[in-house]
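Single-structure report; data block below.
The first residue in the sequence is number 1, and the count goes up from there.
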Amino acid sequence: MTKKVIITGVPGVGKTTVVNEALKKLKEEGVEYQPINFGTFMFEVAVTEGIVRDRDQMRTLDRPIQKRLQQLAAQAIAKISGNVLIDTHASVKTPRGYLAGLPEWVLREIMPDIIILVETDDDQILMRRLSDETRMRDKEGSRSIAEHQQFNRSIAAAYAMVTGCTIKIIVNPDHLLEHAASEMADVLR
Ligand code: AMP
Ligand code: MG
């Protein structure tokens, strides 16, 4: 049985880092997953259409445009066979409120088996964002990061209702990357 797993977590929580570590471990055991970045699928269309130049501009686009990019990404990702690991967001913080990262039409295309929520303390996320020079991370305080993490748990429950998937919460605290990666590998095995 092939598995479709979705990885989510607020920007700066270290999703991509944990995923890369977990996939390295699994490869040694002969377990293969194709890593897919949902945002990259959206970004490639958006760049071709000349709508954005930077991936961090996408979350400020008008909602109908974000929705169209989401739909195109979901349809393209649904065609990929084998074990897939999709790096994305349970919700995206936009200037007009939280946008569901996995609305019903996205879920029905992908039908994930598992949704993983990567979390850590709000103040750790704040520090990680401040030290990341490669991205235009939102400047927000730990209170607002806490709200976003809470909202992601709530909306994940709705995703489980639509798909029957399981929801796994993995904590990625400072200095414990190895632990988080092992936990993720266990879920993917
Ligand atoms: P990332 O590199 O994972 O932070 O993704 C870059 C950008 O892609 C995000 O800031 C969002 O604008 C967009 N994005 C990624 N996944 C989704 C999704 N499921 N729904 C809507 N937008 C998304
Ligand atoms: Mg990432």
Side-chain angles (χ1 to χ4, degrees), residues 5-27 33-48 51-61 63 65-66 69-70 73 77 84-102 106 115-156 167-185 187-188:
V5 182
I6 293 185
I7 314 278
T8 67
V10 298
V13 74
K15 291 187 297 282
T16 316
T17 313
V18 181
V19 163
N20 290 343
E21 277 301 304
L23 291 188
K24 225 191 283 171
K25 284 176 190 295
L26 290 173
K27 208 178 179 122
Y33 270 85
Q34 184 168 343
I36 289 160
N37 189 301
F38 197 99
T40 300
F41 274 78
M42 290 176 61
F43 184 56
E44 278 166 5
V45 175
V47 168
T48 308
I51 308 173
V52 295
R53 271 178 290 147
D54 182 280
R55 62 195 286 129
D56 287 309
Q57 289 174 327
M58 288 195 295
R59 60 183 175 270
T60 61
L61 293 170
R63 195 182 64 88
I65 300 177
Q66 292 194 60
L69 295 172
Q70 253 178 344
I77 292 168
V84 289
L85 191 59
I86 305 158
D87 181 333
T88 185
H89 296 274
S91 72
V92 176
K93 208 168 234 187
T94 83
R96 289 171 211 86
Y98 293 113
L99 178 81
L102 307 165
V106 170
I115 298 179
I116 300 177
L117 269 67
V118 182
E119 299 182 347
T120 194
D121 291 352
D122 316 310
D123 52 346
Q124 290 185 353
I125 291 167
L126 184 69
M127 295 306 291
R128 290 176 196 177
R129 285 189 192 171
L130 289 172
S131 60
D132 181 359
E133 315 247 299
T134 66
R135 297 288 301 264
M136 284 296 295
R137 301 298 196 190
D138 284 342
K139 302 271 181 295
E140 56 180 344
S142 35
R143 199 192 173 89
S144 130
I145 293 171
E147 182 193 88
H148 194 182
Q149 292 206 101
Q150 271 163 20
F151 184 79
N152 283 346
R153 279 196 183 190
S154 311
I155 202 163
I167 305 290
K168 174 72 180 174
I169 297 174
I170 293 180
V171 191
N172 179 34
D174 286 346
H175 318 298
L176 289 170
L177 172 64
E178 179 60 26
H179 188 269
S182 300
E183 225 187 321
M184 190 176 285
V187 175
L188 298 174

Side chain to side chain contact (heavy atoms under 4.5 Å, CB included) between K25 and E178: does it pass, once the steps are laid out? CA-CA 10 Å; K25 284 176 190 295; E178 179 60 26; 2.4 Å; yes
Can you name the residues that form a side-chain hydrogen bond (donor to acceptor under 3.5 Å, both in side chains) with D56, not counting sequence neighbours? R59, R135
Taking only residues two or more places apart in sequence or in another chain, which ones pass ring pair (Phe, Tyr, Trp, His ring centres under 6.0 Å) with Y98? H148, F151
Donor-acceptor contact below 3.5 Å, side chain Q149 vs main chain T120: yes
Is the backbone N or O of I7 less than 3.5 Å from a side-chain atom of T88, with the two atoms forming a donor-acceptor pair by type? no
[atom1]-[atom2] distance between [X] and [Y], expressed to the nearest 0.5 angstrom:
X	Y	atom1	atom2	result
I167	L117	CD1	CG	6.5 Å
S144	K139	OG	NZ	12.5 Å
D121	I145	CG	CD1	11.0 Å
T40	D87	OG1	CG	8.0 Å
E140	D122	CD	CG	10.0 Å
M58	T60	CE	OG1	10.0 Å

Below 4.5 Å, heavy atoms only, C-beta onward: do [X] and [Y] meet side chain to side chain?
X	Y	answer
R63	L99	yes
I125	R129	yes
V19	L85	yes

Specify the closest pair of heavy atoms between [X] and [Y], including all atoms of both residues, with the distance to one decimal.
X	Y	value
A185	A22	N-CB, 4.1 Å
Q124	P173	OE1-CA, 3.5 Å
A180	V171	CB-O, 3.5 Å
G39	R55	C-NH2, 3.8 Å
L102	I115	CD1-CD1, 4.1 Å
F43	D54	CE1-C, 3.4 Å

Apply salt bridge (Lys or Arg N to Asp or Glu O under 4.0 Å) to residues D174 and R128 and explain how you reach the verdict. CA-CA 10 Å; D174 286 346; R128 290 176 196 177; 2.8 Å; yes
Go through F38 and H89 one step at a time and tell me if the side chain to side chain contact (heavy atoms under 4.5 Å, CB included) criterion holds. CA-CA 9 Å; F38 197 99; H89 296 274; over 6 Å; no
For R96, which residues count as a salt bridge (charged side-chain N to carboxylate O under 4.0 Å, His left out) partner, sequence neighbours excluded? D62
Candidate pair L69 and L61, rule side chain to side chain contact (heavy atoms under 4.5 Å, CB included), full reasoning: CA-CA 10 Å; L69 295 172; L61 293 170; 3.9 Å; yes
The single option from I170, L188, I169, V18 that satisfies side chain to side chain contact (heavy atoms under 4.5 Å, CB included) with E183 is I170
Trace of the side chain to side chain contact (heavy atoms under 4.5 Å, CB included) decision for N152 with E119: CA-CA 10 Å; N152 283 346; E119 299 182 347; over 6 Å; no
